[in-house]
Undergrad: 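The structure that follows is given in the form of structure tokens.
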Number of protein chains: 2
Amino acid sequence: MKKITIGEAARQSGVKVPTIRYYESIGLLSELSRSEGNQRSYEPSDLDRLAFIRHARELGFEIEAIRTLLHLQDDPHQPCASADAIAKARLIEVEQRIRSLNALKAELELMVEGCGHGRVDQCRVIEVLADHGKCAHPHH
Amino acid sequence: MKKITIGEAARQSGVKVPTIRYYESIGLLSELSRSEGNQRSYEPSDLDRLAFIRHARELGFEIEAIRTLLHLQDDPHQPCASADAIAKARLIEVEQRIRSLNALKAELELMVEGCGHGRVDQCRVIEVLADHGKCAHPHH
DNA sequence: CCTACATCCTCTAGCGACTAGAGGTGCAAG
DNA sequence: CTTGCACCTCTAGTCGCTAGAGGATGTAGG
């Protein structure tokens with residue numbers, strides 16, 4: 001069991017030092033050991049947990065969802081229906097967000113294209129912002 | 001000049017009452033008049049401004065960007081290059097976000113499809129989260 | 001004129017997920 | 001033994017609101 005410092009754990013996991021301490025403070029990391037001088041020390045399983053959290057955060061899961069997923073991981077004989085449900089919910093969120101961003105993209109492109117680079121009173125960017133009715137897709 | 005209350009302004013602009021007060025507190029709305037009893041009163045130009053802010057927020061512009069856009073709108077003889085730049089920057093952000101979300105979507109779909117609805121120790125959702133290397137596209 | 005009730009007012013605190021900084025301790029190298 | 005970095009705890013700040021307390025105003029009905 002090689003124990004490493006929080007700085008080294010940060011380097012290896014890609015999670016920043018204050019963020020690791022934050023995750024500990026909100027109870028995402030199981031109790032970990034301290035050195036004589038009260039410094040945190042991490043072992044490989046802690047690094048796995050940090051990597052799990054980081055990956056889940058990158059995929060946009062909320063902390064509370066991650067807490068549930070970690071509980072499931074800790075108890076591998078549970079049925080995985082809830083993990084499945086969490087991932088599916090996230091997928092639906094992502095799909096909606098993509099649709100909405102595509103609409104925004106279209107709107108922004110029209111604005112930027114329509115800008116004649118003159119003065120503000122002829123600027124399509126300002127004009128469209130001021131009048132929602134000038135949007136191509138009035139859904140947002 | 002018909003003056004209306006904050007509640008009516010909220011109804012007409014689609015911006016909630018506390019949010020209108022918040023925008024005023026951070027200086028997004030120009031000085032507005034009050035009734036005898038110290039209640040805010042709004043006129044049509046204030047409603048236009050609220051609609052502008054709301055539309056810009058829906059398009060994802062940050063408050064500070066909106067502050068700049070409002071200054072530009074207030075002074076229509078300025079060149080519109082900065083409005084253009086703000087909109088372009090936002091467009092680039094949106095495009096990046098869409099790309100990144102599409103990658104997440106692919107990952108989540110693989111996770112959800114691969115889940116055999118059995119127990120956690122065979123669950124692909126947990127497995128992939130735990131091991132970034134199992135991602136199809138290891139870019140995030 | 002009085003009462004009831006909705007709406008308004010100000011002020012402070014809370015959300016999520018960190019991030020920044022102050023002020024102090026531990027530890028390894030020279 | 002000192003230098004200097006990495007660590008510790010704690011508090012407060014970020015963004016864009018949102019919620020709630022506690023009180024004032026405005027309006028409609030009796």
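Residue numbering restarts at 1 for every chain, and letters A, B, ... go by the order of the sequence lines.
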Undergrad: Return the polar atom pairs (N/O with N/O) between nucleotides 10-13 of chain C and the protein under 3.5 Å, or none.
TA:
from, atom 1, to, atom 2, distance (Å)
C:dT10, OP1, B:Arg34, NH1, 3.2
C:dT10, OP1, B:Arg34, NH2, 3.2
C:dT10, OP2, B:Arg40, NH1, 2.9
C:dT10, OP2, B:Arg40, NH2, 2.8

Undergrad: Please confirm whether the backbone N or O of A:Leu108 pairs with a side-chain atom of B:Arg90, one donor and one acceptor, at under 3.5 Å?
TA: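 A pair under 3.5 Å: no.
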Undergrad: Can you measure from CD (B:Glu113) to CG (A:Leu91) and round to the nearest 0.5 angstrom?
TA: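 Nearest 0.5 Å value for the CD-CG distance: 9.5 Å.
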Undergrad: Rounding to an integer number of Å, can you tell me how far A:Arg67 CZ sits from C:dA17 P?
TA: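 Result: 10 Å.
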Undergrad: Quick one: on DNA chain C, does A:Gln39 or B:Gly37 contact a more 5' nucleotide (nearest heavy atom)?
TA: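 Nearest nucleotide further toward 5': that of B:Gly37.
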Undergrad: Whole angstroms only, please: what is the CD1-P distance between B:Ile4 and D:dG26?
TA: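 Computing the B:Ile4:CD1 to D:dG26:P distance gives 17 Å.
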Undergrad: Measure from the side-chain N and O atoms of B:Ser100 to the backbone N and O of B:Gln96, and report whether any donor-acceptor pair falls under 3.5 Å.
TA: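 Judged by distance alone, no pair lies under 3.5 Å.
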Undergrad: For B:His55 and A:Val128, indicate whether the former's side chain and the latter's backbone hold a donor-acceptor pair under 3.5 Å.
TA: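 Yes, B:His55 side chain to A:Val128 backbone: donor-acceptor pair under 3.5 Å.
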Undergrad: Rounding to a whole Å, what distance do you find between B:Tyr42:OH and C:dT7:P?
TA: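 Interatomic distance, OH of B:Tyr42 to P of C:dT7: 16 Å.
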Undergrad: Could you list, one pair per line, each protein nitrogen or oxygen that sits under 3.5 Å from a nitrogen or oxygen of nucleotides 1-3 of chain C, together with the distance?
TA:
none

Undergrad: At under 4.0 Å between heavy atoms, what does B:Ile6 touch on the DNA or RNA strands: base, sugar-phosphate, or nothing?
TA: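 It contacts sugar-phosphate atoms only.
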Undergrad: Taking A:Arg99 first and then A:Glu95, would you say they form a salt bridge - that is, a charged N and a carboxylate O separated by under 4.0 Å?
TA: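 A:Glu95 and A:Arg99: not salt-bridged.
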Undergrad: Quick one: B:Glu36 CD to C:dC9 P, roughly how many Å, whole number?
TA: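 Rounding to the nearest Å, CD of B:Glu36 and P of C:dC9 are 15 Å apart.
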Undergrad: Return yes if some donor-acceptor pair links the side-chain N/O of B:Arg67 with the main-chain N/O of B:Ile26 below 3.5 Å, else return no.
TA: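 Yes.
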Undergrad: Any Lys/Arg nitrogen of B:Glu24 or B:Arg21 sitting under 4.0 Å from an Asp/Glu carboxylate oxygen of the other?
TA: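 No, no charged N to carboxylate O under 4.0 Å.
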Undergrad: Is the CD atom of A:Glu62 crowded by more than 12 outside heavy atoms at less than 6.0 Å?
TA: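 No, not enclosed.
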Undergrad: Are any side-chain N or O atoms of A:Arg119 and backbone N or O atoms of A:Cys123, one a donor and one an acceptor, separated by less than 3.5 Å?
TA: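 Side chain of A:Arg119 to backbone of A:Cys123: no pair is present.
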Undergrad: Atom pairs under 3.5 Å, N or O on each side, protein against nucleotides 15-20 of chain D: can you list them with distances?
TA:
from, atom 1, to, atom 2, distance (Å)
D:dG16, OP1, B:Ile63, N, 3.4
D:dC17, OP2, B:Tyr23, OH, 2.9
D:dC17, OP2, B:Arg57, NE, 2.8
D:dT18, OP2, B:Thr19, OG1, 3.0

Undergrad: Would you check if B:Asp46 and B:Leu29 make a side-chain contact, meaning some heavy-atom pair closer than 4.5 Å?
TA: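 No, side chains not in contact.
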Undergrad: Without decimals, in angstroms, what is the distance between A:Arg54 CZ and C:dA17 P?
TA: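 Roughly 17 Å, once rounded to whole Å.
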Undergrad: State plainly whether one hydrophobic cluster holds both B:Phe61 and A:Leu110, where clusters connect Ile, Leu, Val, Met, Phe, Trp and Tyr through side-chain heavy atoms under 4.5 angstrom apart.
TA: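 No.
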